[in-house]
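Report on the structure given below.
All values reported here derive from a predicted model rather than from experimental measurement. Chain A is the first sequence line, chain B the second, and so forth, proteins listed ahead of strands; every chain is numbered from 1.
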Amino acid sequence: MNLTRYVDTAFANPKLLIGGLGLAIIAAIALAAPLLPLQDPLDQSLFAQNLPPFWLPGHDASYLLGTDSLGRDLLSRLVWGARPVLIVMVLGAALSGVVGVIVGLVSGYLGGGSDAVLSRIIEVFMAFPPMLLAIVLVAVVGPGLYAVVISIALIGWTRFARVVRAEVLVLREQDFITAAHLLGYRWFRILFQELLPNIIPMVLALLALEMGRAIVVEAILAFIGFSTSDMATWGGILADGRNYIYQAWWIMTLPIFAITLSVLTLSLLADGLRLALDPVIRR
Amino acid sequence: MALPTLLGVMVVVFVLIRVVPGDPISMMISGEASPDDIAKLREAYGLDRSIPVQFLYFLKTVSTGHLGTSISLHQDVLELIMGRLPATLELAILALFFATVLGVSFALTSVYWRGRWPEVAVDAANALALALPEFLWALLLILLLSVSIPLFPISGRTDPSNAAVFHTQFYLFESLFTARFSDFAEILRHMFLPAISLALPLTAVIGRVLKSSLLDAINQDYVLLARAKGFSPLYVLLRHALPNALIPTITITGTQFTLLVGGTVLIELIFAYPGIGNMLFGAAINRDLPLMQGITIVFAVVFILINICIDMSYALINPRVRLD
Amino acid sequence: MLEAINVSIALPDRSQKSLFGRAPLLKIIQNVDLTVQRGKVVGIVGESGSGKSTIGRSLLGLYRPVTGKVMLEGKDLASLSKEELREARFKIQMIFQDSQSSLNPRRKIIDILADPFVANGRASRSDARNKALALLERVGMRPAHGDRYPHQLSGGQRQRIGIARAIALEPSYIVADEIVSGLDVSVQAQVLALLRQLRAENSLGMVFISHDLSVVRTLCDDVVVMQHGRVVEAGECTRVFNDPRNDYTKKLLRAVPLPVVEKDWLDESRRCDSEAVTELPSAVAAMR
Amino acid sequence: MSKALLQVSDLGVEIGTGKHATRILRGVNLEIKPGEIRGLVGESGGGKTMVGKAITGLLPSSAVVSSGRILFQEQNLLELPAKNRRLLLGTKIAMILQQPSTALNPVLRIENQITDVLTRRLGYDRKSARDYALELLSMVHIRAPERVLRQYPHELSGGMCQRVVIAIAFAGKPSLIVADEPTTALDVTVQFEILKLIKELQAKTGTAVLFVTHDLGVVAKICDVVSVIFAGRILEQGRTEDVIGRPAHPYTQALIAASPRLDRPDAGLQPVPGELTASLWNDAVASDLEQSHA
C-alpha cells in the first residue's frame, strides 16, 4: 500500500484521523512536559493567587493561563497533569481489557458451568456502584496512582467481559466455527484464528472508550482527594477550582475543557476504529 | 436470578470488610481499652469465631434486617439509610424521567426528519451527551447555569430558610401529590442540576439505541406493509415502528439506569445533596465500616430490584416473552 | 458406506425453557434409517421442521443420537474417542446453506482454503497455498479471487468456496445442506453442475438436503422423504418420483409448480387425481 | 379489450445521486388490465421488486424515479402530491409481501393489524371493523377467526400469516394488488394453498394483480400474462403460454433451460451462458450512456 492510499483512507474516515491525532497530541504533551519552558507546577506563590488567564483584565504575563488558589501556574499544572492521565489511561484500559477479554472469551467459548460462574461474578460486580468499588479500594491500598489504575480495572473489566462474551456466543453458533470443528482444527486455532480476529475490532473500540473513562475516573478520584498528591492532576485543579467558582471560575473551566476534549477525542477514535475495522461497512 | 447475585454481593462485602486494613474493633474503642475489653468486644461482635461461621452470622444478621450500628454517627445503620434513601430515589427517578423524555424525543425527531437538519443537530447533541460522564456535566452545568447565569442553586435539597413541613422523606413526590406547588417548584429547582447531569449520559444512550432500533424497524417488512396500508408517516413511526424499537431500548436502559443510580454517589457529593451517596463519602472518610457495608447492600438491592422491574416491563411490551 | 441406523435425536427446546432448570428435550427426528454409498447422491427432501437438516448434521457426529447409531465404514461414530472422531471427520465434510456465515469474514479466501492443510499438518505454508490455488481452479474460480474477503464475493462464488473447502481434505462423503436455496436459477445451475462434476471425479458419496424436489430429482440417485422427523418414503429417485406410494409424497409432488401452463392446476378436483404428476411428461410433449 | 388499469411507460429508477447514481430500472414498460394477473419474472438484481415499489410509491429513500410515467386509472401517479398518492394505498392499491412472518408487526395482535386499516383508512367504526375483520378471515379460509384475532404473529404458522396479509390486502377491495414474491418463503404445499387462495379471491373480486416472482413454475400456474425483466429492462412479454412455452428471447430460453425439472430429470440445469448475461448488461449500460449523452 502506498502513501496516497493511506492518506485517502485516513480522510475517508475523519473520526479515526481526528481521534488518532488527538490521542497522539495528549501523549506528546505528557511526554514532553519536562522539556517545555514551564514553571514548576508545584511552586506556590502567595503573591499570585487566583490570577486570571491572559484574556481577562488583571492577568499577569508570567502566568499565561493564570494561577490557582495557592498561586501555582495553571498552564504548567495542566500540561504536567497530562502525565498521570497518560499513565492511568494506558495502564487502566489495558488492565481492564486483558482481564475482561480473557473472562469473556473463556465464559463465552467454554459455556456450561464456567460460564454460569463467571456470568454470576460479572453480575455481582455490576451490582456495586463503580465509585464505591474505587473508594473501598483506595481505603485498602491507600491513595495514589496505582490505586487509581486498579480501581479503573476493577470497574472496567466487566464491560469488556460482557461484550466479548455476548459476541463469542453469537460467533460460536456461526457455520464457519462448525466448519472449523469439522476440519479438525484444534481449540487454540479456533480461538485465536477464527474467533479472536472477529472480536479484536470491537475490543479496540472499547479500549478507546475505556481510556476516556479512565481519564474521568482519575479526575474524579483526584477531585475527591483519592489520587496521587505529589503530582499535578486535572482532578486536583478541579477540586481547587470548585471552592472558588464565584471568585475565579476559570480555574475549574480549564481542566473541564482539557478533560472534555480528551474524552471527546477518544470517543471519536472509538467510532473511527469501529468504522475502519468492520469489513462489511468498509467495502 | 436475584438471590445468587445478592449472595455474591454479601460475600464480596464480607471479604472487603476483612481486607480493609485496621481492625473494626480498634476503631470502635479508645486507645486505653484493656486487652480484656477488646476480647469481650470481639466476642460480642462474633469476631472470635471461624470465618465461615462469621459469614453465616453476618448473613443471619442481615437477613433479620439489621445492618449494625454506625461507628461515626452512633445510630442504627438501617435507620440512617432509610432516612436518606428517599432523597436518592427521588433524584434517580427524576433523572430517569428526564432521560426518557429527552432521549425518546431525540430519537423520534432525528428519525422523523432523517436526512434533514434536525437529524444532524440532534445527533451532534447526542454524541456530546454520550461522550461526557455525569461528573463533567455536573461541573459544566454548575459553571453555566449557576455561576455565569445564576438560575439554579448548587447545593442541598431545599433552601435552609424553607419552613415547609414534610411527613415523608419523599419531598418532591409529597409536595406534588399534596398539591403544594410552590414547595414542589422550590425542590425541583434544587434537584434540576443534579438530575439533569445524571440524566444526560442516559439520555444519549436512550437516544442512540432507540434511533438505531427505529431505523432498523422502519426497514422491516411490517413497516413497509403499514405504509402500504396508506398510513401517514407519523402514525407508522409511532404505532408500528416505536413499540418494536422500544424492546431493545428497554433492555439497555435497564443496565444503564443502574449506572445512573451508581452515579448518584458522586453527584450527591458535588451538589451536597443529602442522599445515601453523600453519606457514603462521609462513611468512607470516617472509615465507618458498618455504614459503608449497609449502604453497599442497599445499593445492590436497589440494582437488583431495578433489573426485576426491567424484566417485567420487557415482558409487558414483548408478546413473545409473555408466553414463555 | 455411511449409514444412519434407527437414529433418533432430541434437542433442548429453548422456547419451553423455564427460568430455572434445563430446557425439556424435544424429539427432532425419530427412527431414521439412511444409507449413503460412495459415488451416490442421496437426496433428503421435506418441508420446514421435517428434521432434514438435523439428520444431516447427525451424520457428521455433531449431535449424539438418543437411539440408534451413525456408522462410518463399519465404525460407530459414538464409540470413537475425541481424537478418533477428529480423524474420522476428515472423511465426511459439510457444505452449508448460508455461505455468508460459513466463511470467516476476517480471513481471505486463500487462507480459508489453505487452513485445512496447515491445521492438520498436511502441507507446509507455501505448499498449502498452492493447494488452495488448485482448489480455486477446481471450483471454477480465478487465483485473483483468493485475495478477496468473503463479503467481496457473490453468493454463488461464496458457495463455490464452501464446496472447495469441503473437498480440500478429499473426504469420501459430503453433506450438502440446502446449498442452492438462496441462489438464482442460473447460479444454481452452475453450482449443481459443479457438484455433479466433483462427484464423478472423486466418487464422492453425497447427502443432498433440499426442500426443492425438482433439484433433488435432477441431481440425486436415491431420495428420502421426511415429514415431522420421520422418513415417510425412501427409494430410488425414479421410483419415488414416478410412483410415489405415500400420501404425503404424493401431496408434495402435486404441489410443485412446473413451468408448464395448466389452467386447471389449482382446481380442487384435479388435486385428488393422484396420477397427475406421472402424467406430466406427456403433457409437456403435447405442448411442444 | 378493456382499457389498461395501470400503464407504466419508460420508467427509470436510480439509486444514489450524481456521479454515484446506479440505474436500477431502464425504461420499463408494463401494462396491467383490470382483473388480470400480470407476472413479472426475473432473477435477483434484475429490478423486479423495484417496479412494484415504484408503483406503490414505497421506493427506498435512496432511490429516485428518473424518468417515465405511471398511469393508474388515467392519472399519473408520479405527478400526484405525496399525500394523495399515499391515500391510494390500502384503498385502490394494496400489497402482499414476501416474508409473511416479518410482514406482520410482532408486537400487535392480529385484530389490531386488520382493524387499523379498516378504521383509519376505510371509515369503519370499531364494532363493524371487528365484524368485517372476522368476515375477511373467513374469506381467506381461516377456520377459527375469533381466536386468530386475539393472537400475535409469532403464534401463527407462515401460511396463516400470509393468509392474514392477504386478508388485509383485499380489505379495501383494491383494483390493483402488488404481490412481491408472496410464496417464495413458504413450503411447497403451503405455496400451493396460497396460490389457490390468491387466484380464488382475485377471480371473485376482479382485482388485478402484479405478481412479482423468480419462479417460472409459479408464473406458469397463476399468471395470465408475463413480463421477463433483466438488468432493469423488460426483455419479453406476452401471454404466459407463449412466453413459457415458446420463449422468444434468448435470456428467457436460457432461464427455462436452467430450471430443474421434476418431470424431466435429464433436462434443465443448463447454466445460463455468461456471454449472454454479459452482453445484456453491456446493452443496458450502453443505453445508459446514450441517455446521459442525449
Response to the item:
If one checks every heavy atom of L252(C) against chain D at 4.5 Å, the contacting part turns out to be both
Discussion item. Using heavy-atom distances under 4.5 Å, tell me whether E43(D) contacts chain C through its side chain, its backbone, both, or neither.
Written reply: both
Discussion item. Can you tell me which portion of V188(D) sits under 4.5 Å from chain C's heavy atoms? Options are side chain, backbone, both or neither.
Written reply: both
Item to complete: Taking ring pair (Phe, Tyr, Trp, His ring centres under 6.0 Å) as the test, write out the residues that go with F96(C), two or more places apart.
Response: none
Discussion item. Which residues in residues 42-55 of chain C have any heavy atom closer than 4.5 Å to a heavy atom of chain D?
Written reply: E47(C), S48(C)
Worksheet item: Any chance NZ of K199(D) has more than 12 other-residue heavy atoms, nucleotides or ligands included, within less than 6.0 Å?
Response: yes
Worksheet item: Side chains of Q188(C) and V185(C): does their closest heavy-atom pair fall under 4.5 Å?
Response: yes
Worksheet item: Which of these passes side-chain contact (heavy atoms from CB on, under 4.5 Å) with L210(D): L30(D), I37(D), I177(D)?
Response: L30(D)
Worksheet entry | Sidechain N-carboxylate O distance under 4.0 Å for E233(C), K250(C) | no
Worksheet item: Any salt bridge between D242(D) and R246(D), counting N to O under 4.0 Å?
Response: yes
Practice prompt. Please say which of S210(C), S181(C), S102(C) ends up in a side chain to side chain donor-acceptor pair (under 3.5 Å) with Q97(C).
Written response: S181(C)
